[in-house]
Chemist: 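I'd like to ask you about the structure that follows.
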2 protein chains.
Amino acid sequence: MHVSTRFSDSIHILAFIEIYKDIKLSSEVISSSVETSAVVIRRLMGILREAGLIDTKQGTAEPKLAKNPADITLLDVYLATEGNRPLFELDKKTNPDCIVGGNIQDVLGNYYEDAKIAAQRKLNEVTLQDVIETILVKQKYKDNIT
Amino acid sequence: MHVSTRFSDSIHILAFIEIYKDIKLSSEVISSSVETSAVVIRRLMGILREAGLIDTKQGTAEPKLAKNPADITLLDVYLATEGNRPLFELDKKTNPDCIVGGNIQDVLGNYYEDAKIAAQRKLNEVTLQDVIETILVKQKYKDNIT
DNA sequence: CTAAGATGTAACTTAATTAATTACACTATA
DNA sequence: TATAGTGTAATTAATTAAGTTACATCTTAG
């Protein structure tokens, strides 16, 4: 299974850009929150720009969300970073001369698709706004008890 | 993201065992349908046995399902082969001194959990019996038109 | 009772994927 | 025009899973 943190990192970047929109947001600064390299951040921001989720201008450290946070869902970010690849992997090839091998890929593919759509519907219910608000509430709770 | 075909291969093995229960089922024979090596098949069968889905006896080429096919769901196979690992990866570590880095893992973890459960509910709705019947219907259709 | 054919499993190799790193051309602006 | 930044390609390193080799163990036909 493909283990990639691109999806999570990208949400992190978007939330960071929105919450800290009043300070200077170089890839260096963002990378210190995500704890990865600035190049990785810039690469991901390239993907997010390509997908129409942020606007950036070369040379200036001022990325902006291209939409209202309430209009960006986790599914938008997922599709931007992971594409619409299957959630569960099928074999590249199974024996077509066998009743099982010749049919199972289609059969499982359909069931997998149903499960993927169910997961994606959930991701589509959550907006960047929700993520940001929940982060801020959790932080308030921390600040309160310490 | 971790790309693994263990899940699909295991369903394949289980369906094969049930459909061909009257012939001799060596790991060699099964591997010719899945198109992988016999060792890989034996390794997966070890996992399926461990999970209580099949019974095997060393030396004999006669694996059997341990339950009725209608009582084995795709989720059972998924949990046996992939465990209950997250569907979407979180970072190992983000900056705890940052409001975003210090809270986002928990927040995303919860949303990811919702999506995972939605997908798993779908997998839990499909039984090995369903898979086998659909395979056989598809095959009948192929035989008919040729 | 033993040879042939199987399983079970460990150890190692290969392949594929992703994050990290290095390097550098290009852009903005003080 | 120097400084600080982005954009992106190319390479390296780390991780993971599949494939391979090897062999101990078990079953059973003869």
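Chain A is the first sequence line, chain B the second, and so forth, proteins listed ahead of strands; every chain is numbered from 1.
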Chemist: What is the distance, to the nearest angstrom, from the CE atom on B/Met45 to the C1' atom on C/dG8?
Modeler: 10 Å
Chemist: Do B/Pro96 and A/Glu35 make a side-chain contact, defined as non-hydrogen atoms from C-beta onward lying under 4.5 Å apart?
Modeler: yes
Chemist: Does D/dT6 have OP1 or OP2 sitting under 4.0 Å from an N or O in the side chain of A/Arg49?
Modeler: no
Chemist: Would you kindly give the CD-to-P distance between B/Glu89 and D/dT15, to the nearest whole Å?
Modeler: 14 Å
Chemist: Expressed as a whole number of angstroms, how long is the span from B/Ile13:CD1 to C/dG8:C1'?
Modeler: 14 Å
Chemist: Round to the nearest Å and state the distance from B/Glu50 atom CD to C/dT9 atom C1'.
Modeler: 13 Å
Chemist: Quick one: is A/Arg6 getting a side-chain N or O under 4.0 Å of the C/dA19 phosphate, OP1 or OP2?
Modeler: yes
Chemist: D/dC26 P sits how many Å from B/Arg42 CZ, rounded?
Modeler: 16 Å
Chemist: Compare every heavy atom of B/Ile99 with every heavy atom of A/Ile135, then report the nearest pair and how far apart it is.
Modeler: CG2-O, 3.6 Å
Chemist: For the residue pair B/Glu28 and B/Ala38, what are the closest heavy atoms and their distance?
Modeler: OE1-CB, 3.8 Å
Chemist: Of all the nucleotides listed (D/dG7, D/dG19, D/dT8), which has the minimum atom distance to the side chain of A/Thr56?
Modeler: D/dG7
Chemist: Would you check if there is a donor-acceptor pair between the side chains of B/Tyr20 and B/Ser33 at a distance under 3.5 Å?
Modeler: no
Chemist: Any residue in residues 23-35 of chain B with a heavy atom nearer than 4.0 angstrom to DNA chain C? Just list them by number, or reply none.
Modeler: B/Lys24, B/Leu25, B/Ser26, B/Ser27
Chemist: Parallel, tilted or perpendicular for B/Phe88 and A/Phe7, by the 30°/60° rule?
Modeler: perpendicular
Chemist: Closest approach to the side chain of A/Thr5, judged atom by atom: which nucleotide of D/dG7, D/dA9, C/dA19 is it?
Modeler: C/dA19
Chemist: With respect to the side chain of A/Ala61, which nucleotide from C/dA20, D/dG5, D/dA18 is positioned closest?
Modeler: D/dG5
Chemist: Search all heavy atoms of B/Leu123 against all heavy atoms of A/Ala115 and return the closest pair with its distance.
Modeler: CD2-CB, 4.1 Å
Chemist: Just the rounded figure in Å: distance from P of C/dA19 to NZ of B/Lys93.
Modeler: 18 Å
Chemist: Without swapping roles, check the side chain of B/Asn124 against the backbone of B/Leu75 for a donor-acceptor pair under 3.5 Å.
Modeler: no
Chemist: Between the main-chain N or O of B/Ala61 and the side-chain N or O of B/Ser26, is there a donor-acceptor pair closer than 3.5 Å?
Modeler: no
Chemist: Measure the distance from CD on B/Glu82 to P on D/dT16 and round it to the nearest whole Å.
Modeler: 13 Å
Chemist: In whole Å, I'd like the distance from the CG atom of B/Asp55 to the P atom of D/dT27.
Modeler: 14 Å
Chemist: Who passes side-chain hydrogen bond (donor to acceptor under 3.5 Å, both in side chains) against A/Arg42, sequence neighbours left out?
Modeler: A/Ser27
Chemist: Examine the side chains of A/Gln139 and A/Asp143 and answer whether a donor and an acceptor come within less than 3.5 Å of each other.
Modeler: yes
Chemist: What is the per-nucleotide protein-contact pattern of nucleotides 25-30 of chain C, from the 5' end, where B denotes a base atom under 4.0 Å from a protein heavy atom, S denotes such proximity for sugar-phosphate atoms only, and - denotes neither?
Modeler: -BBS--
Chemist: Can you tell me if the side-chain N/O atoms of A/Ser4 get under 4.0 Å from OP1 or OP2 in C/dT17?
Modeler: no
Chemist: Checking only heavy atoms, does the side chain of B/Arg43 share a donor-acceptor pair with the base of D/dG19 at less than 3.5 Å?
Modeler: yes
